[in-house]
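See structure below.
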Amino acid sequence: MTFEAAPTFNTGVEMFDNVAPHGAEQQPAQVDEAQEPPPVRVCRTCSVQSQTVGDFCPHCGKSYLHARRMPSRRALTIAGVALLLVAGAVTGIAVKVSHDRSEERAAAVADKRDAEAAAAQKEAEAREH
């Protein structure tokens, strides 16, 4: 008398162990009967529990790994306004410094011109005497 192995039932979960979103790299599942069964994972998106070694949910295809969240619209708006305020302040300071330096240069040129005029006047008075 020969015994045949009992038929195995496919639950459907094993078919999707390597499901990845479009463009993501899929890695073939390596099944080794001596290894422990894959861990049970819970998807953060669809809340389905699955025994899988893959990095993606077999039900919805989302990654089990933490995804980087985009900043909220409010945070981006606040950051943009703060950036504009800082840029305005820096521009104002640069204009003020430039204006002060140009006034200093103008005063120095005027002082030099006055000194030259005074020297020329003294020289003219010295020639008259």
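The first residue of the sequence shown is numbered 1, and numbering continues consecutively from there.
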When you measure from the side chain of Arg44 to the backbone of Leu65, do you find a donor-acceptor pair of N or O atoms at a distance under 3.5 Å? no
Check whether any side-chain heavy atom of Pro39 lies under 4.5 Å from a side-chain heavy atom of Gln51, and answer yes or no. no
Hey, could you give me the CZ/OG1 distance between Phe56 and Thr45, rounded to the nearest 0.5 Å? 11.5 Å
Beyond-backbone contact of Thr52 with Tyr64, side-chain heavy atoms, under 4.5 angstrom: yes
Any salt bridge (charged side-chain N to carboxylate O under 4.0 Å, His left out) pairs touching residues 118-129, not counting sequence neighbours? Glu123-Arg127
Go through the structure and list residues passing side-chain contact (heavy atoms from CB on, under 4.5 Å) with Val48, not counting sequence neighbours. Cys46, Ser50, His59
Here the pair of heavy atoms bringing Arg41 nearest to Asp55 is NH1-CA, 3.8 Å
Applying salt bridge (charged side-chain N to carboxylate O under 4.0 Å, His left out) as the test, list every pair that has at least one member in residues 77-93; sequence neighbours left out. none
Would you tabulate the side-chain donor-acceptor contacts of residues 78-98 under 3.5 Å, counting partners in other chains and residues two or more places apart, or write 'none'?
from	atom 1	to	atom 2	distance (Å)
Thr91	OG1	Ala87	O	2.8
Lys96	NZ	Asp100	OD1	3.1
Lys96	NZ	Asp100	OD2	3.4

Salt bridge (charged side-chain N to carboxylate O under 4.0 Å, His left out): pairs with one or both residues in residues 104-116, sequence neighbours excluded: none
